[in-house]
Amino acid sequence: FTSLIRACCSSPDLLLPSLRLFSLMRRRRLPPLPFTFSALLKSAAAARSLPAGALLHSLALSLGAFPSHLFVANSLLAMYVACSDLRSARRVFDEMPLRDLISWTSLVVAYARSGDMESAAALFASSPAKDVVAWTALVTGYAHNAMPGEALDAFVRMRDAGVTIDEVALVGAVSACAQLGAVSRARWVWDIAEANGFGTNVVVGSALVDMYAKCGLIDDARQVFDEMPERNVYTYSSMIAGLASHGRAYEAIALFREMVGATNVAPNRVTLIGVLTACSHAGMVEEGRFFFAQMKDKYRIPRSADHYACMVDLLGRAGLVEEALELVKSMPIKPHGGVWGALLGACRIHNKPEIAKTAADRLFKLEPECIGSYILLSNIYASAGMWDEVSKVRKLMRGRGLKKNPAASWVEGIDGLVHEFFAGDASHPRSREIKKLLEELMGRLKLVGYMPILSSVVYDVSDGEKERLLKGHSEKLALAFALLTKRNGDVIRITKNLRICEDCHLVMSLVSKVEKVEIVVRDNMRFHRFRNGECSCAGFW
DNA sequence: ATAGGGTTAG
């Protein structure tokens with residue numbers, strides 16, 4: 001019976017059969033083994049069924065399997081973690097008369113999944129022993145909670161502690177590098193993967209593809225992809241999304257065609273998001289419509305609100321803002337913030353204050369705390385010169401206690417350190433030189449026809465003041481610093497937390513030509529690669 | 001016989 005129940009724990013659909021086997025076993029008066037409970041609890045965990053888990057918990061108590069058996073207690077703990085019931089997990093942990101490393105690690109994971117990395121780290125620190133799995137739980141916990149710096153730090157400490165790194169441990173570090181987007185650390189992690197032969201592992205390889213793509217090294221991502229001995233839906237989805245974010249839509253679509261035509265790897269909803277984003281970032285409206293139409297029947301993928309958001313983005317970016325609005329209205333499922341946000345973004349590009357109002361009103365209800373939509377709406381009104389409306393939006397923001405998060409850019413220096421710049425900020429030690437270089441650079445650009453795009457400034461101030469504000473944009477400061485410190489042949493890589501503005505985009509293009517330098521900017525939307533006066537985004541961003 | 005893994009969207 002126990003073997004049969006164990007065979008059921010692989011699939012969430014087999015929870016009921018395994019419970020039925022258990023009751024049959026009880027009717028025949030066969031006493032359950034501790035392993036029987038472990039197997040049953042694993043089924044409940046796989047099905048994420050808290051009711052079934054709690055029932056098994058009380059049965060284990062009454063039949064004496066818990067808390068006396070460590071394995072059963074650990075299985076209970078794992079079940080509560082899988083069902084994201086942190087409190088019950090903690091209670092089981094506290095009631096255990098004996099705990100091993102597995103119990104400690106399970107609870108670390110429970111706290112990490114709940115987003116409480118402080119408690120997770122404290123628990124990890126007080127755990128009496130730490131093996132590679134425990135360390136990995138800490139590293140990936142940080143990575144999952146958008147704390148990539150801490151994740152890498154923990155990874156380094158794990159190595160220093162003399163723990164042998166395996167594939168799973170490395171994946172956490174790779175994912176952290178993807179979030180950081182820092183090239184030198186990405187190379188370092190890749191070296192570790194190579195040295196240990198981990199690159200052939202599908203999960204590590206897929207993570208590396210994603211990491212290189214997010215670091216702006218799309219050709220390296222492709223190389224890792226091409227050299228992988230085995231690829232699955234994650235690998236393809238990462239590569240397609242990476243190509244999409246770099247504006248290489250044709251390659252993304254070609255890869256998708258290869259995937260569905262020449263492999264046994266079935267695309268999923270994430271893959272299709274990559275494909276639709278690729279179309280969007282290249283203005284390929286007809287192709288996007290085609291893939292969107294094919295999703296349900298050809299690939300058996302239901303169209304989610306996320307897919308609609310991609311379509312709204314695609315249509316809206318291409319100037320079909322009214323059609324995008326009609327698509328939202330025709331949706332069979334409830335549009336979420338992403339859908340309205342895409343519409344609002346389109347209104348910004350094509351100056352549609354009325355539709356913007358509709359979209360923003362929905363967003364203010366759906367995501368009242370999200371600052372982005374207020375700023376977008378206010379900027380749309382500002383470009384239309386509707387200053388009264390602008391101040392109304394600003395007032396609304398103030399009333400809700402929302403503060404704009406400051407624009408910032410980062411660039412990795414040759415010292416390997418990441419240098420941070422805020423808009424109009426003079427705190428960098430080399431700020432004077434940066435400012436001087438910018439002045440001189442702007443002068444030179446003007447000789448080749450550069451005119452500052454004053455409309456990129458959304459404040460109602462004089463033209464002179466607008467030009468001064470433009471010069472202080474964080475990505476320009478980062479650019480100047482990079483020009484000041486770079487070696488010949490270096491690619492300048494800048495990361496920005498917000499979308500790059502039109503004026504900075506123009507300046508990057510011109511500088512790439514005048515200074516004969518390649519510049520890669522990662523903004524919050526995508527990558528821009530500037531070479532010889534041209535950007536890979538071809539104006540779509 | 002129990003613990004740790006990769007992708008997406010304004």
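In what follows, every chain begins at residue 1, and chains take the letters A, B, ... in the order their sequences are listed.
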**Request:** Calculate the interatomic distance between A:I375 atom CD1 and B:dG10 atom C1'; express it in whole Å.
**Result:** 13 Å
**Asked** Reading nucleotides 2-7 of chain B 5' to 3', which nucleotides get B (base under 4.0 Å from a protein heavy atom), which S (sugar-phosphate only), which -?
**Response** BBBBBB
**Asked** Within this structure, what is the CG-to-C1' distance between A:L377 and B:dG10, rounded to whole angstrom?
**Response** 14 Å
**Request:** Whole angstrom is fine here: how far is it from CE in A:M311 over to C1' in B:dG10?
**Result:** 16 Å
**Asked** Would the number of heavy atoms belonging to other residues, nucleotides or ligands and lying under 6.0 Å from CZ of A:R48 be above 12?
**Response** no
**Prompt:** Contact class for A:G337 (heavy atom, under 4.0 Å): base, sugar-phosphate, or nothing?
**Reply:** base
**Integer-rounded Å distance: B:dT8 C1' and A:M525 CE** = 13 Å
**Asked** Between A:H336 (NE2) and B:dT8 (C1'), how many Å, whole number?
**Response** 11 Å
**Message:** Please determine whether a side-chain nitrogen of the Lys or Arg among A:R231 and A:E258 lies less than 4.0 Å from a carboxylate oxygen of the Asp or Glu.
**Reply:** no
**Asked** Which residues satisfy the salt bridge (charged side-chain N to carboxylate O under 4.0 Å, His left out) test with A:E251, sequence neighbours excluded?
**Response** A:R248
**Prompt:** Between A:L314 (CG) and B:dA9 (C1'), how many Å, whole number?
**Reply:** 14 Å
**Prompt:** Between B:dG10 atom P and A:N497 atom CG, what is the distance in whole Å?
**Reply:** 16 Å
**Item:** Any pair counted as side chain to side chain donor-acceptor pair (under 3.5 Å), so long as it reaches residues 97-114 of chain A, sequence neighbours left out
**Value:** A:N74-A:D100, A:N74-A:S103, A:R90-A:Y111, A:D100-A:S103
**Prompt:** Would you call the rings of A:H246 and A:F527 parallel, tilted or perpendicular if under 30° counts as parallel and over 60° as perpendicular?
**Reply:** parallel
**Item:** Exceeds 12 heavy-atom contacts within 6.0 angstrom, atom CZ of A:R362
**Value:** no
**Prompt:** In whole angstrom, what separates A:H307's NE2 from B:dA9's C1'?
**Reply:** 9 Å
